[in-house]
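Index from 1, following the sequence. Every value quoted in this text rests on a predicted model; they were computed, and no experiment measured them. Atoms within a ligand are numbered from 1 in the order they appear, just like the ligands themselves.
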Amino acid sequence: MSSAKTTSSTKTKPTKRVSKGSSGSTSSFIPHPSSFPLVGILMGSKSDWEVMRSADQTLTDFGVPHECHVMSAHRTPALASEFASGAEARGIEVIIAAAGGAAHLAGVLAAHTVLPILGVPMKSDALNGLDSLLATVQMPAGIPVGTLAIGKAGATNAALLAIAILASSRPELREKLKSFRREQERKIRETTLD
Ligand code: RP5
């Protein structure tokens with residue numbers, strides 16, 4: 001699964017042609033003509049997609065243009081490097097990176113860009129995601145990765161945190177976040193038990 005998505009959930013494969021970014025670096029990731037993604041959601045395997053749909057859906061709900069791709073720190077290291085190196089020049093402002101097991105994707109991306117990287121550890125069969133969590137969170141000083149919770153909660157919160165980062169310069173997004181919190185609070189306050 002590799003798709004570029006817009007706020008209207010249009011799924012298209014990323015155009016595979018080479019262009020020059022403003023930084024002079026080459027990139028194969030060209031935005032869909034009708035969308036200029038602000039957030040990139042990356043995951044190490046298609047097997048992560050069921051969980052990462054939550055990040056995709058949250059960004060869609062807030063109307064944040066974004067794109068979703070599968071790439072791996074281990075299986076496609078050159079692709080991961082290319083994406084991260086060219087992301088800033090393409091207008092991406094935040095990258096969400098999900099991986100499981102020896103979860104190095106977020107760290108490898110962070111090594112190639114100064115954009116904020118939000119890591120989401122995937123639940124693994126062998127160690128229930130503890131391996132993914134430790135691999136994502138234990139970055140050496142100097143190359144930060146903001147690590148979220150394991151699994152779906154982490155995926156949703158990575159999207160909300162990306163929105164909060166974008167909202168620092170976009171008042172309309174800040175208002176949407178406040179409205180989301182109010183609605184969340186209202187639901188809890190109105191909860192009744194049998
Ligand atoms: C990681 O290995 C992926 O992020 C995934 O969570 C895990 C297993 O991948 P598959 O073997 O299911 O492709 O790279």
* Asked: In the protein, what heavy atom is nearest to atom 11 (O) of ligand 1, and what distance, to one decimal place, separates them?
  -> R75 NH2, 3.3 Å
* **salt bridge (charged side-chain N to carboxylate O under 4.0 Å, His left out) assessment of R189 paired with E185** => CA-CA 6 Å; R189 283 177 177 271; E185 181 178 353; 2.8 Å; yes
* To do: Look only at the side chain of T113 and the backbone of L109, and say whether a donor-acceptor pair between them is shorter than 3.5 Å.
  => no
* Asked: So, E50 and R53, do they make that salt bridge, N to O below 4.0 Å?
  -> yes
* Just going by heavy-atom distances, which of S45, G101, G44 is nearest to atom 13 (O) of ligand 1? -> S45
* Between A98 and ligand 1, does any nitrogen or oxygen pair lie at a separation below 3.5 Å? -> no
* Does S124 use its side chain to pair, donor to acceptor, with the backbone of G129 at less than 3.5 Å? -> yes
* To do: State plainly whether the residues E183 and R186 are in salt-bridge range, i.e. N to O under 4.0 Å.
  => yes
* Structure fact -> Contact region, S47 to ligand 1, non-hydrogen atoms below 4.0 Å, reads side chain
* Asked: With atoms numbered from 1 as shown, which atoms in ligand 1 lie under 4.0 angstrom from a non-hydrogen atom of A99?
  -> 4 (O)
* **Closest protein heavy atom to atom 2 (O) of ligand 1, given as residue, atom name and distance to 0.1 Å** => G100 O, 3.6 Å
* Looking only at N/O atoms, are S72 and ligand 1 under 3.5 Å apart anywhere? -> no
* Side-chain ion pair, E172 and K176, N-O less than 4.0 Å -> no
* At what distance is the nearest protein heavy atom to atom 3 (C) of ligand 1, and which residue and atom is it? -> D48 OD2, 3.4 Å
